Amino acid sequence: MKMSKLFVQTLRENPSDAEVVSHKLLVRAGFIRKLTSGVYNYLPLMWRVLKKIENITREEMDRAGAQELLMPFVQPQELWEESGRWGVYGAELMRLKDRHERGMCLGPTHEEVITSIARDGLKSYKQLPVNLYQIQSKFRDEIRPRFGLLRGREFIMKDAYSFATNEEDLMKEYQNMAQAYKRIFKRCGLDTKMVQSDSGAIGGKISHEFMVITDTDAGENDVFYCDSCDYAANSNHAISKLPAAVVDGGFNKKEVIDTPNTHSIDELAAFLKVPETVILKSILYIADSKPVLALIRADKQVEETKLMNAVGANEIRIATAGEIEEIMREHGFDAVAGFIGPKGLNDINIIADKTVYDMKNFVVGINQTDKHLVGASLSDFPNIDKYYDIRLCEAGDFCPQCGKPLKVTRGIEVGNIFQLGTKYSEPMNAVYTDVDGKNKPFIMGCYGIGISRTAAAAVEAHHDEHGIAWPVAIAPYHVVIVPVNINDELQIQTANRLYEELQRAGIEVVLDDRDERAGVKFKDADLIGFPYRITVGKTITEGLVEFKTRQGEVMDKISPQDAVYRIIAEVNKILA
RNA sequence: CGGAAUGUAGCGCAGCUUGGUAGCGCACCGUGUUCGGGACGCGGGGGGCGCAGGUUCAAAUCCUGUCAUUCCGACCA
């Protein structure tokens, strides 16, 4: 490709709406352009990158035995009613009506459609197990799109769905996909960590996410992991052992005392001169519009996804100050936030964290403003009868597997795998006929990779102050040839010769034939992120060129042949 | 949805307080000098100021409404 004809416009300045580095660089280097909030044009350079990631994904999925198909982007409401998700998916599902006022939606994921395909096309146990996948655009009307391609509303995803007759085959395919994913991300030049996670709106029991580890804001997930063993989990799912703590308040007697204006745990602990670990914290949530009281040792935080799972709700949020007072009033109490507790709330769902189980002689709110009960014990609250893990882990907690300290970092979720079981096949009546002649629902799994997010994550992982540094396997082009002065006959001839020679060898090469100063061409080359650069300058009179890798290796004076051979060798090695 | 802010040329911005008919940098076109890390000079082209009303002799500037975008909080590949 000649640079003079390449469709690209590089910018000197960062776009004003970009926060994270991948967004800034992809816009500045001319890869993407925003059409509307969370929706981007993939310009020619970007499309080359995306196609490469798609192809790597496709090759590995095919190698793993999956079959590619393509499902519609627009889906009918009825299908979503069959699975029961039309009512629960929420505003993220982009709903629309056709001219006949029939309900439709833009596909945010394709469990419903694939299940309908399976129930039509898979009739016998003899056809199973099978894994079907597609690579396609998805649309999710995110509350707040941001970070460019990392959280767009429209994005490209590879989604695969497996169908089996039993849990064992599902588990095999799950492992098979986990292995395929590791190969895919490795080939894309990305280090990923496979972590346990909550399965969220997609459903199912067991799930793992593939995270690109980063220490920037672009990583929207907290990941807890252990260096001593293989434990790693998303914060929404991580469990831990706690360091020893004082859990006995040491109060002489049980009594209600005045604790004026202690609206926060800080203030209460300071007022009573006790550690937070002897205070029982009560937080009122609204789960699917019903009140839920969460109890936890006051030095710990509630993990809302865990709480949501414990309640079995689809949506959860902390109650507002007004709601707290109103709900208290309904139960005959006059209490504001900061003074509430489980006392007397017999018809409210109470979810106690396991940390509560060990507490003795503690401090707790009793639904009276400006008062707390000290010296309390769990037997005072017969309505606390079950204990769950709803606690958010913290760095410094210990690994649940080996007991060593856990570490925390941030990650970008580029892929995930779920064991769905019969969550969709059962309600949608997707069954096959088993050996015994009986109809049984498919045991399903599903497996996603954010293709466009993976591209952005690659930029987050591979860049410097000058621009992007694409891994060879997903770079839009492998090499750029820069003749310093295009009016120099020898330089331009040599550049042309190298250009043709590399092309013949199957290398993807850009010849920067623009009549620009060398500095401009170098800046653009660095910004766009070509893995290799050959500069043909003055030293060509001695038969020498400069060879540079985007990683920073420079050879000032090298023969053009050596540069070409090296590029051919390295690229072929990576692509092999 | 709650809180904050912004919409002026492809991009980044100034001009609005104190209304007088739009400007700067980058990018683009022409031209000359320059030529190994985003050169400089000269000469050009492009917008009527998100949209719709209103006030006024006159509105990018004031008023009303509306739409969009961005940031901060609750969601997820």
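Please read all numbers here as calculations on a predicted model, not as lab measurements.
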Review point. Does any N or O donor sit under 3.5 Å from an N or O acceptor when you compare the side chain of Lys24(A) with the base of rG12(B)?
Key: no

Review point. Looking only at atom C1', what distance separates rA14(B) and rU61(B), rounded to whole Å?
Key: 13 Å

Check your understanding: How far does the C1' atom of rA27(B) sit from the matching atom of rC63(B), given to the nearest Å?
Key -> 38 Å

Check your understanding: At under 4.0 Å between heavy atoms, what does Ile318(A) touch on the DNA or RNA strands: base, sugar-phosphate, or nothing?
Key -> nothing

Review point. Taking a pair as Watson-Crick or G-U wobble with both distances under 3.5 Å, which nucleotide is matched to rG30(B)?
Key: rC42(B)

Exercise for review: Tell me the partner of rG47(B), counting only Watson-Crick (N1-N3 plus N6-O4 or O6-N4) or G-U wobble (N1-O2 and O6-N3) with both under 3.5 Å; none if nothing fits.
Suggested key: none

Review point. Contact class for Thr10(A) (heavy atom, under 4.0 Å): base, sugar-phosphate, or nothing?
Key: base

Point to revise | Strand partner of rA68(B), provided both Watson-Crick or wobble distances fall under 3.5 Å | key: rU6(B)

Check your understanding: Say you pick atom C1' in rA58(B) and the same atom in rU21(B); how far apart are they, in whole Å?
Key -> 8 Å

Practice item. Round to the nearest Å and state the distance from Phe185(A) atom CZ to rA77(B) atom P. Key: 13 Å

Review point. Can you tell me if the side-chain N/O atoms of Arg151(A) get under 4.0 Å from OP1 or OP2 in rA77(B)?
Key: no

Practice item. Pick the C1' atom in rG12(B) and in rU70(B), then give their distance to the nearest Å. Key: 15 Å

Check your understanding: Can you tell me if the side-chain N/O atoms of Asn485(A) get under 4.0 Å from OP1 or OP2 in rC35(B)?
Key -> no

**Study point:** Rounded distance in Å - CZ (Arg153(A)) to C1' (rA68(B))
**Key:** 11 Å

**Study point:** Side-chain N,O (Arg12(A)) to OP1/OP2 (rG38(B)) below 4.0 Å
**Key:** no

Review point. Does a side-chain N or O from Arg144(A) land closer than 4.0 Å to OP1 or OP2 of rC71(B), or not?
Key: yes

Point to revise | Gap in Å between the two C1' atoms, one belonging to rC13(B) and one to rU55(B), rounded | key: 30 Å

Study note, to complete from the structure: Between CG of Leu35(A) and P of rG10(B) the distance, given in whole Å, is 15 Å

Practice item. Please evaluate the base of rG38(B) for a donor-acceptor partner in the side chain of Arg514(A) within a cut-off of under 3.5 Å? Key: no

Point to revise | Assigned glycosidic conformation for rG47(B) [threshold 90° from 0] | key: anti

Exercise for review: Evaluate whether the aromatic ring of Phe155(A) and the six-membered ring of the rA77(B) base sit under 5.5 Å apart, centre to centre, with an inclination under 30°.
Suggested key: yes

Practice item. Looking at every strand, decide which applies to Asn14(A) at a 4.0 Å heavy-atom threshold: base, sugar-phosphate, or nothing. Key: sugar-phosphate

Check your understanding: Taking atom types as they are modelled, is there a donor-acceptor pair under 3.5 Å from the base of rG10(B) to the side chain of Gln9(A)?
Key -> no

Point to revise | Touch class at under 4.0 angstrom, heavy-atom based, for Gly30(A) against every strand present | key: nothing

Review point. Reckon Arg33(A) touches a base, only the sugar-phosphate, or nothing at all at heavy-atom distances under 4.0 Å?
Key: sugar-phosphate

**Study point:** Interface with RNA chain B, restricted to residues 536-547 of chain A and to heavy atoms under 4.0 Å
**Key:** Gly537(A), Lys538(A), Glu546(A)

Practice item. Classify the nucleic acid contact of Val414(A) as base, sugar-phosphate or nothing, counting any heavy atom under 4.0 Å across all strands shown. Key: sugar-phosphate

Review point. Tyr424(A) pairs by side chain to side chain donor-acceptor pair (under 3.5 Å) with which of Glu111(A), Glu112(A), Arg85(A)?
Key: Arg85(A)

Check your understanding: So, is Thr36(A) close to the rU69(B) phosphate, meaning a side-chain N or O under 4.0 Å from OP1 or OP2?
Key -> yes

Check your understanding: So, is Ser16(A) near the phosphate of rG12(B), with a side-chain N or O under 4.0 Å from OP1 or OP2?
Key -> yes

Exercise for review: Using the P atom as the reference point in each nucleotide, state the distance between rG25(B) and rC40(B) in Å, no decimals.
Suggested key: 11 Å

Check your understanding: So which nucleotide does rG19(B) pair with, by the Watson-Crick or G-U wobble rule with both distances under 3.5 Å?
Key -> none

**Study point:** Candidate list Thr57(A), Asp62(A), Asp159(A), test side chain to side chain donor-acceptor pair (under 3.5 Å), partner Tyr133(A), passing option
**Key:** Asp62(A)

Practice item. Could you tell me whether the phosphate oxygens of rU70(B), OP1 or OP2, come under 4.0 Å of any side-chain nitrogen or oxygen in Ser37(A)? Key: yes

Exercise for review: Could you work out which one of rG37(B), rG36(B), rC72(B) sits closest to the side chain of Val484(A)?
Suggested key: rG36(B)

Practice item. Please measure how far the P atom in rA9(B) lies from the corresponding atom in rG48(B), and state the result in whole Å. Key: 9 Å

Check your understanding: Expressed in whole Å, how much space separates the C1' atoms belonging to rU31(B) and rA5(B)?
Key -> 44 Å

Check your understanding: Touch check for Glu142(A), heavy atoms < 4.0 angstrom, all strands: base, sugar-phosphate only, or nothing?
Key -> base

Practice item. Take the protein atom CG of Asp512(A) and the nucleotide atom P of rC35(B), then report the distance between them rounded to whole Å. Key: 19 Å

